Amino acid sequence: VLLFAAGERRPAIAQALEVDLALVLAVDCSYSVDAREFRLQMHGLAEAFRRPEIHKAIGNGVFGRIAVVLVQWSDDINQIVAVPWVVISHGDHALDFAEVIDATPRKLAEGGTAIGAALQFSAAVLLTAPVTASRRVIDISSDGRNNRGVRPSLARIEIIAQGITINALPIINEWPTLDKYFEHQVVGGPYHFLIVANDYDAYAEAIYRKLLREITGPGIS
């Protein structure tokens, strides 16, 4: 597995490395997410990367590899790269990445829900990725609406203008219409979509379906 720490100089090999997808996994760590709910998100992501369908989807790409980074976020001054860029090109890489995710703790302070700032941070991470990607996607999960910092709809305008797609996984445990909010205020860019989790216990299956669709690319229903 190739690991590239955020902010370090890119190795020469990385400058030429082409991938089918550069993907930011942006995980909600705001006040509304308790310890159990945070762990369900991380374990759900890990389980998705353990599934052979994900391994097959990665291998079926033009280049047969993707680059993934994990971001944690809460309020407008709290975002962090929790797991640096990893290039996954076969099942063993995906399984190794799953182990890292499963063991990753909450790395920042709880705070409000700054979706717009999380999107801007995630876009900056994408734009400095040590790979050349056919598609660049932010995959953001949250159980709440923006209540700090820049509005998501304004951040979205900047981000999709740079060819980045924003997909979302709203978790409907507190806001029954959160999916509509994300549809109108958050998602955007080429072939964007959202998938709903009705609660945190439904997160694992929802994030698996979302990742499978993101990795496979446009055309899957």
Side-chain angles (χ1 to χ4, degrees), residues 4 6-7 17-30 45 57-58 61-63 65-82 85 112-172 175 177-197 206-207 209-221:
F4 305 102
L17 187 64
E18 293 181 291
V19 297
D20 297 298
L21 171 68
L23 178 65
V24 176
L25 303 171
V27 176
D28 188 350
C29 293
S30 60
L45 281 167
I58 293 169
V62 173
F63 299 109
R65 55 182 174 254
I66 66 172
V68 190
V69 64
L70 181 75
V71 166
Q72 295 178 6
W73 61 273
S74 58
D75 63 27
D76 51 331
I77 59 169
N78 276 302
Q79 308 93 23
I80 191 171
V81 173
W85 284 106
T113 304
I115 296 170
L119 292 175
Q120 290 177 326
F121 181 85
S122 297
V125 170
L126 264 180
L127 292 170
T128 57
V131 294
T132 300
S134 301
R135 294 179 290 118
R136 296 182 295 183
V137 175
I138 298 169
D139 178 332
I140 188 165
S141 301
S142 181
D143 67 357
R145 303 184 182 201
N146 192 80
N147 58 26
R148 295 285 192 283
V150 64
R151 289 187 314 212
S153 57
L154 293 179
R156 173 176 62 185
I157 292 170
E158 305 167 2
I159 292 166
I160 66 175
Q162 298 173 93
I164 296 171
T165 295
I166 304 167
N167 296 330
L169 197 160
I171 303 163
I172 315 293
W175 297 87
T177 59
L178 191 63
D179 56 331
K180 300 301 181 187
Y181 174 82
F182 270 77
E183 183 178 336
H184 295 304
Q185 301 292 325
V186 180
V187 296
Y191 303 103
H192 68 269
F193 66 94
L194 61 80
I195 288 180
V196 172
I207 196 65
R209 291 190 290 114
K210 190 161 181 286
L211 285 169
L212 186 61
R213 184 167 169 182
E214 285 165 340
I215 294 166
T216 303
I220 188 171
S221 59

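Just so you know, these numbers come straight off a predicted model, no measurement behind them. Worth knowing before you read on, the calculation uses all heavy atoms, side chains too, and leaves out hydrogens, waters and symmetry mates.
- In this structure, the side chain of Arg156 engages the main chain of Val187 through a donor-acceptor pair within 3.5 Å.
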Exercise for review: Please report the C-alpha distance between Val150 and Leu119 in whole Å, then the side-chain angles of each, then the deciding distance to 0.1 Å, and finally whether the side chain to side chain contact (heavy atoms under 4.5 Å, CB included) criterion is met.
Suggested key: CA-CA 10 Å; Val150 64; Leu119 292 175; over 6 Å; no
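- Closest approach of Ala118 and Gln79 over heavy atoms only: CA-CG, 4.4 Å.
- The CD atom of Gln72 sits 11.5 Å away from atom CG of Leu25, with the distance rounded to the nearest 0.5 Å.
- Partner of Val27 under the side chain to side chain contact (heavy atoms under 4.5 Å, CB included) criterion, chosen from Val71, Leu45, Ile207: Leu45.
- Checking side-chain atoms of Ser142 against main-chain N and O of Asp28 turns up no donor-acceptor pair under 3.5 Å.
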Practice item. Determine, stepwise, if the pair Val19 / Phe63 fulfils side chain to side chain contact (heavy atoms under 4.5 Å, CB included). Key: CA-CA 6 Å; Val19 297; Phe63 299 109; 5.7 Å; no
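- Distance check: Gln185 CD to Phe182 CZ gives 10.5 Å after rounding to the nearest 0.5 Å.
- Distance alone, capped at 3.5 Å, is enough to place a donor-acceptor pair between the Arg135 side chain and the Ile215 backbone.
- Across every non-hydrogen atom of Thr165 and Pro190, the tightest pair is OG1-O, 2.7 Å.
- No side-chain heavy atom of Val125 sits under 4.5 Å from any side-chain heavy atom of Ile138.
- To the nearest 0.5 angstrom, Leu70 atom CG is 10.0 Å from Leu23 atom CG.
- Rounding to the nearest 0.5 Å places CG of Leu194 at 11.0 Å from OG of Ser141.
- A side chain to side chain contact (heavy atoms under 4.5 Å, CB included) with Arg145 holds for exactly one of Thr113, Leu178, Ile115; it is Leu178.
- In this structure, a donor-acceptor pair under 3.5 Å is present between the side chains of Asn167 and Glu214.
- What you find for Ser30 and Gly112 is that their closest heavy atoms are CB-O, 3.4 Å.
- Using a 4.5 Å heavy-atom threshold, the side chains of Trp73 and Ser122 count as separate.
- A distance of 6.0 Å separates NZ in Lys210 from CG in Leu169, rounded to the nearest 0.5 Å.
- Atoms NE2 and CD1, on His192 and Ile160 in that order, are 8.5 Å from each other to the nearest 0.5 Å.
- Not a single donor-acceptor pair under 3.5 Å links the side chain of Asp143 to the backbone N or O of Ile171.
- Considering every non-hydrogen atom in both Pro170 and Ile195, the closest pair reads CD-O, 3.4 Å.
- Side-chain atoms of Arg136 come within 3.5 Å of backbone N or O of Gln162 as a donor-acceptor pair.
- Counting heavy atoms from C-beta outward, Pro130 and Trp85 have side chains that approach closer than 4.5 Å.
- With hydrogens and angles ignored, the 3.5 Å screen pairs a side-chain donor or acceptor of Arg65 with a backbone N or O of Glu18.
- Under a 3.5 Å cut-off, the side chain of Asn146 and the backbone N or O of Arg151 do not form any donor-acceptor pair.
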